[in-house]
Enquirer: 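Take this structure first; my questions come after.
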Amino acid sequence: MKFFIDTANLDQIRDAAEFGVLDGVTTNPSLMAKEGISGNEAVLNHYKAICEIVDGDVSAEVISTDYEGMIAEGEKLAALHPNIVVKVPMIKDGIRAISYFTSKGIRTNCTLVFSPGQALLAAKAGASYVSPFIGRLDDISSDGLELIESIREIYDNYEFSTEILAASVRHTMHIIDCARIGADVMTGPLSAILGLLKHPLTDIGLEKFLADHAKAQG
Ligand code: G3P
């Protein structure tokens with residue numbers, strides 16, 4: 001399972017990269033705005049900065065919602081760095097744009113996916129990744145993990161190569177459940193990744209090992 005961090009914050013991306021288990025980064029317009037990144041030039045430079053920190057895929061989202069606009073934006077983003085994956089929303093023009101990008105060898109991440117049918121369309125268009133937002137489904141009392149299960153089943157039935165990128169991951173149990181179901185990638189906050197470290201028996205065990213070692217040394 002690949003671990004992506006879902007942020008545009010360079011310090012957090014650096015921390016996650018130093019931790020040694022990071023495979024990539026996802027961003028979205030809200031995360032970019034949260035970092036105060038505005039204006040075309042600043043946005044492009046920020047993506048370049050992220051690509052310099054992480055040796056892995058970096059999802060950069062288009063803002064346009066019409067086909068021509070998405071193509072122009074996506075081609076500009078893809079030209080920034082070989083690791084850029086163009087993130088495209090799950091709308092009609094978005095599927096058309098993903099199909100175009102696929103034919104040009106530009107990798108894509110189809111975002112804002114909330115149903116198995118949407119995931120099927122993304123795979124048919126040749127998306128490299130599909131991003132089902134599990135946390136946002138849980139927020140409205142729908143089962144986000146059930147969606148991952150359905151997509152896994154559909155993709156396996158037809159051997160689609162589109163990778164399931166579980167997005168809107170909020171906590172460690174989301175990561176563990178997604179791994180059990182067989183999501184290819186998860187993207188979430190660094191806190192959720194670091195949460196995987198924790199077990200009280202590990203802390204108690206380590207304390208005892210160190211105490212016994214100290215005793216043996218006299
Ligand atoms: O990047 C898309 C997704 O991961 C957003 O997550 O927490 O805003 O629902 P969240």
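Any value given below was found using the heavy atoms of this structure, including those in side chains, with hydrogens, waters and symmetry copies removed. Ligands are counted one by one from 1 in listed order, and the atoms in each one are counted from 1 as well. None of the values given here were measured: they were computed from a predicted structure.
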Enquirer: Would you say L77 and V88 are hydrophobically clustered, going by side-chain heavy atoms of ILVMFWY under 4.5 Å?
Expert: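 Yes; tracing contacts between hydrophobic side chains, which count when under 4.5 Å, links both residues.
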
Enquirer: Number the atoms of ligand 1 from 1 as they appear, then name those within less than 4.0 Å of a heavy atom of A167, with their elements.
Expert: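 Contacts of ligand 1 toward A167, numbered from 1: 4 (O).
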
Enquirer: Determine whether M186 and H174 make a side-chain contact, defined as any pair of heavy atoms from C-beta on separated by less than 4.5 Å.
Expert: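 No, side chains not in contact.
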
Enquirer: Which protein heavy atom lies closest to atom 1 (O) of ligand 1, and at what distance to 0.1 Å?
Expert: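 Checked against all protein heavy atoms, atom 1 (O) of ligand 1 sits closest to D6 OD1, 2.9 Å.
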
Enquirer: Can you find a pair of side-chain heavy atoms, one from M32 and one from E61, that are under 4.5 Å apart?
Expert: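 Side-chain contact under 4.5 Å: no.
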
Enquirer: Identify the protein heavy atom lying closest to atom 8 (O) of ligand 1, giving its residue, its atom name and the separation to 0.1 Å.
Expert: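 Ranking protein heavy atoms by distance from atom 8 (O) of ligand 1, first comes R136 NH2, 2.8 Å.
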
Enquirer: Kindly confirm or rule out an N or O of T26 lying under 3.5 angstrom from an N or O of ligand 1.
Expert: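 In fact, backbone or side chain, T26 has no N or O that close.
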
Enquirer: Below 4.0 angstrom from a heavy atom of K87, which ligand 1 atoms are there? Numbered from 1 as shown, please.
Expert: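 Matching atoms, with element in brackets: 1 (O), 2 (C).
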
Enquirer: Identify, for atom 2 (C) of ligand 1, the protein heavy atom at the shortest distance, and state residue, atom and that distance.
Expert: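 Here the closest protein heavy atom is F133 CZ, 3.3 Å.
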
Enquirer: Name the closest protein heavy atom to atom 7 (O) of ligand 1, giving the residue it belongs to and the distance to 0.1 Å.
Expert: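 Checked against all protein heavy atoms, atom 7 (O) of ligand 1 sits closest to R170 NE, 3.0 Å.
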
Enquirer: For V113 and M90, work out which heavy atoms get closest and say how close.
Expert: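 In this case the closest contact between V113 and M90 is CG2-CB, 4.2 Å.
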
Enquirer: Heavy-atom count check: over 12 atoms from other residues, nucleotides or ligands less than 6.0 Å from Q217 CD?
Expert: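 Check passes, neighbour count above 12.
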
Enquirer: Where do D143 and L147 land on the side-chain contact (heavy atoms from CB on, under 4.5 Å) test, with the steps shown first?
Expert: CA-CA 7 Å; D143 193 339; L147 174 59; over 6 Å; no

Enquirer: Give me the nearest non-hydrogen protein atom to atom 6 (O) of ligand 1 as residue plus atom name, then the distance to 0.1 Å.
Expert: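 For this ligand atom, the closest protein heavy atom is S168 CA, 3.3 Å.
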
